[in-house]
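In what follows, a structure is listed as structure tokens, so that the remarks can point back to it.
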Amino acid sequence: MTEPLELKKTVNLPKTDFAQKANLGQSEPARLKKWADAKLYEQIRESRKDAVKFILHDGPPYANADIHIGTALNKILKDFVVKTRTMMGFDAPYVPGYDCHGLPIETHVEKKLAEKGKNKNDLPVSTFRKICREHAARAMDGQTRDFSRLGILGEWENPYLTMSNDYEAETARLFGRFLERGYVYKGLRPVYWCVHDQTALAEAEVEYKEHTSPSIYVKFPLKSDAGSIDENLKGKNVFIVIWTTTPWTLPANLGIAVHPDFDYSALQANGEVYIVASELAKSFAELCGLDGAKELARFKGSKLDRLEAKHAWLDQTSLIMNGEHVSLGEADAETELDVRFENKAAGKSGTGCVHTAPGHGADDFAIGKRYGLEVYCPVDNGGKFTAEVEHFAGEFIFKANPRIVEFLRESGALLYTENYNHRYPHCWRCKKPVIFRATPQWFITMDDVVMKDGQADADATPLRAGALREVEQVNWHPNWGAGRMRNMISGRPDWCVSRQRSWGVPIPVFYCNGCDEAVADAKIVSHVADIFQRETADAWYNRESKDLLPDDFKCPKCGAADFTKETDILDVWFDSGSSCVAVLETRDNLQFPADVYLEGGDQFRGWFNSSLMCGLAAHDQSPYKNLITHGWVVDGEGRQMHKSTGNAVSPNEVVQKSGAEVLRLWAAAVDYTEDMRCSDEILSRIVDAYRKFRNTLRYALGNLDGFNSESDAVAFSEMLEIDRWALAELDGLVGKVLDGYEEYNFQTAYQTIYNFVTVTLSARYFDIIKDRLYIYAPKSVERRSAQTALYEIADKLCRLLAPILVFTTDEAWENLPHRKLESVHLAEFPKVSGADNSTLLADWERLFSIRDEVLKQLEEVRNAKVIGSSLEAKVILTVDKPTTKFLIAYYEDLRYLFIVSQVEVHEGDALHVEILKADGAKCERCWNYSVHIGESEKYPTVCERCVRALSEIERSATA
Ligand SMILES: [Zn+2]
Ligand SMILES: [Zn+2]
Ligand SMILES: [Zn+2]
């Protein structure tokens, strides 16, 4: 007989190198280095080289500032998409990009120059561009460091840059493509204009903010014979009353628009007659204090068509016109993407007679064009009235506003004024209010195909129609995106693509010095683009026009050989929109169209929109098949984050303090389709959740010490039933999580895994099998059965969580015994077994509901200090007849299920639980109570189950 074993050493305590404390602040950078050294990203590419491609195309963040929580979230969501598709078996390369040109960098560089007492205009453009280029490169390096720190794998060494030679050349070529198809024209029409930055702005470059404007009612004397409108008005002193919130646009007034189908009233008061829309007549009379106003006549707006009024103070005629755009309802500039923000009659405040200045409004421009009005804009680049404006020449328009109101009051033309609060567009850069102003600009037409030499591209569809067609082809996530995009496209004006700046891709167009003709020709553009490809677009500024044009090029119109270069550059949204060609088609591992574009909701006006136009010009097709949008990150109370208010969460601080995993887990936990809350408190809850995931993996790994999944695994049919139940639950989990990933619904994946970890595993399975794992002989079928389940759980959880917890799952994976792949990121997702486990799952649901009842009672008894540990208890279970029958099969399992020492089942009326003190004595080894303790001579202090386990251990030691 051998010596008795030392009891303590026979208990299988967990053992793993996967530490309880994550220490992410240190371990994450170390793992990033390990991945870089092992060229993990390249290994993944190699492993998927024959797989079907899945392209997420990165919308380039602006290379100006540090990353913030919004950009961090965006990149993390993109990484979720790329990693989930990779693990689904696709070849999903990730090429990050940077938007490098544009006003923010120019402004920044100008400021830096000013600090050194220098002025941009004193430097050659190429020198200024060089400084901008260097600034963008620096900012980009910082962002690359911060983005890759978040665990995002991709071609960080080789991102695409809108300022690279290749990209600038492709941007120019795409402009040539627009020209070739007849989508480009140069015209004088009103565009957003920042008087501070002195440049045109795109729709995506303005932001709406509350603004107070003077609201004024001004009377314009009718010049035409009033008798032609109605007999009653003959010989009367008749005025048309307009309403505006931009008094400074009045000098540019050339007309008044009325709706042909609306009723208009002529109101008599104070010896004068005022024409306003009938529906607004009452509120108008009250507002202007016209007591006892009497309606002399009522007529349709069509009666007024082409009559003439006199300007309120200038020697100008104001033509009365019929326009369908005149409305009596509240205009919502922002949602309609409405550029008529200034002149549209806005609900109760208007008169239904719309002040029209074709040089200062899109609707004004359109109706003015129909009626042959001049595009008159007496405001200069800096927002000052030109010399022709009587009384106000040289004044800054916003300063002139109150003076104009005063002037109108004194001259008797003002009927009423008040302050008016409304949403008004502001410049995205300088945050100052913008204006609408007509200047000669290059436009991309939305509704026409421009005829060239009497010929238009026979295949070219007008862009608006093409875009609306493509909206129906795209999958929108969430699906309201389709409606939003449809509205944006329906409402957008022609795209103004010229900017009066220096840091960008020059518009490759020449002007003939002989006849002023613009040479805008795709072939010439292509010639210039080849030069850009060799020398960057700086060549435009470094070379003379003759050195940019093909040899011996002559003006096709007049034959002259002397040309001037265009000085405007392209809108940066044209740059970034070009990426669908400049990146997707020039990189071997990418392709057009992309599978996914994923950006914030602001990009409906920005990148989503310009990319769609570029895709249509290039290939008559949307550049994206799926479009995913996310909301904004707001603080814990749902307020906007601002550096100045101190409620902004800095991603770099979170990463340093808690680890990138916490940020990633947060990104998975929130519903990104809405605004997402983030605060220290919310993140601390995420840290708690992280611990649960980590502890779960640790439990599984700790109990797999010495387990070889190939030689030690137990066949499913041989496993204990509860272990089979755990695997059936795991199978269900895999299905639900994969469905979530398939739909880009990371929150569903997160919540499903979280519930599995906290309820199925932590509160049920792990609690119950602990005794079996610790107490049974290491190689016993009971222990091996549980280990087989744990191995599957650890392996599958690692894979399912890998796209979210990139660092932790990889660390856990390394501690998984006998793994085949070096990194979890080389693995694929587990597959759903397809087995029908419904009976098994239903039986165990029934057992667990009985267990819940028992645990409740045990808790009460323990609180009353009748027993300490639940192992001191014996459960007397009374159940009805069918349940008794059901429980018989599980009789041996019940004590382990309840974690008590003894269970008795009695048949009775309904479920009743009684808790008694367990019979017998406490086993020294397993702490269960037994009446058989002392029966073994060799091990007198342990229970019969432990005696069996110990002899099994002895046997395998001597074998
Ligand atoms: Zn500005
Ligand atoms: Zn010419
Ligand atoms: Zn025991």
Side-chain angles (χ1 to χ4, degrees), residues 4-5 7-8 10-12 102-108 110-111 191-202 204-207 209 211 381-383 398 424-437 499-501 509-521 524 545-546 549 553-564 572 770-777 780 782-783 869 871-872 895-896 899-902 918-936 938-953:
L5 297 165
L7 288 183
K8 250 192 239 161
T10 66
V11 177
N12 312 305
L103 193 52
I105 289 175
E106 279 199 43
T107 318
H108 178 89
E110 279 173 30
K111 225 169 83 191
V191 292
Y192 286 112
W193 184 270
C194 175
V195 295
H196 179 257
D197 293 313
Q198 304 208 3
T199 182
L201 295 172
E205 292 170 328
V206 300
E207 47 195 40
K209 286 194 289 195
H211 184 75
N381 288 357
F398 289 119
Y424 187 89
H426 290 67
C427 172
W428 69 325
R429 282 320 304 162
C430 67
K431 311 290 176 197
K432 296 194 167 80
V434 301
I435 64 169
F436 223 58
R437 173 174 179 265
R499 295 290 180 277
Q500 293 64 54
R501 308 296 308 189
V509 164
F510 300 85
Y511 298 95
C512 170
N513 289 343
C515 67
D516 279 347
E517 179 79 353
V519 178
D521 180 310
I524 304 296
S545 53
K546 68 174 166 42
L549 284 161
F553 181 77
K554 301 245 168 16
C555 171
K557 202 172 158 197
C558 76
D562 194 17
F563 298 89
T564 304
V572 284
K770 198 166 166 182
D771 172 272
R772 179 147 48 101
L773 288 163
Y774 286 22
I775 299 310
Y776 281 83
S780 64
E782 288 87 351
R783 186 155 182 272
S869 136
L871 288 176
E872 291 170 27
R895 55 178 282 212
Y896 301 116
I899 319 181
V900 297
S901 289
Q902 291 125 15
D919 301 330
K922 181 179 177 180
C923 166
E924 194 194 340
R925 183 166 175 268
C926 73
W927 301 357
N928 280 259
Y929 281 67
S930 168
V931 293
H932 299 287
I933 288 170
E935 288 176 2
S936 158
K938 191 172 181 183
Y939 298 107
T941 60
V942 306
C943 70
E944 68 281 18
R945 186 177 61 137
C946 286
V947 172
R948 280 199 303 276
L950 289 166
S951 53
E952 216 177 311
I953 296 167

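Remember, predicted model here, so these are calculated numbers, not experimental data. Every number for a ligand or one of its atoms is a count from 1 in the order of the listing. Below, each value reflects all heavy atoms present in this structure, side chains not excepted, and no hydrogens, waters or symmetry copies.
Here the angle at the Zn ion (ligand 1) defined by SG in Cys430 and SG in Cys427 stands at 110°, rounded to 10 degrees. Rounded to the nearest 10 degrees, the angle SG (Cys923) to the Zn ion (ligand 3) to SG (Cys926) equals 100°. At the Zn ion (ligand 2), the vertex angle linking SG of Cys555 with SG of Cys512 is 110° (nearest 10 degrees). Angle subtended at the Zn ion (ligand 3) by Cys946 SG and Cys943 SG: 110°, rounded to 10 degrees. Geometry note: the Zn ion (ligand 2) is the vertex, Cys558 SG and Cys515 SG are the arms, and the angle is 110° (rounded to 10 degrees).
Ion pairing of Asp771 with Arg945 is present here, as a side-chain N (NZ or NE/NH1/NH2) and a carboxylate O approach within less than 4.0 Å. A salt bridge does not link Glu952 to Arg783: none of the charged side-chain nitrogens sits closer than 4.0 Å to a carboxylate oxygen. Note on Lys431 versus Glu207: salt bridge recorded, some NZ/NE/NH1/NH2 to OD/OE distance being below 4.0 Å.
With Tyr939 contributing its side chain and Leu5 its backbone, the two residues share a donor-acceptor pair below 3.5 Å.
Summarising the geometry, atom OH belonging to Tyr776 is positioned 9.0 Å from atom SG belonging to Cys946; distances are rounded to the nearest 0.5 Å.
The Zn ion (ligand 1) has an N, O or S atom of Cys194 under 2.8 Å away, backbone or side chain.
Annotation: Tyr511 is not in aromatic contact with Phe563 [ring centroid separation under 6.0 Å not met].
Within Asp197, OD2 is the N, O or S atom that lies nearest to the Zn ion (ligand 1).
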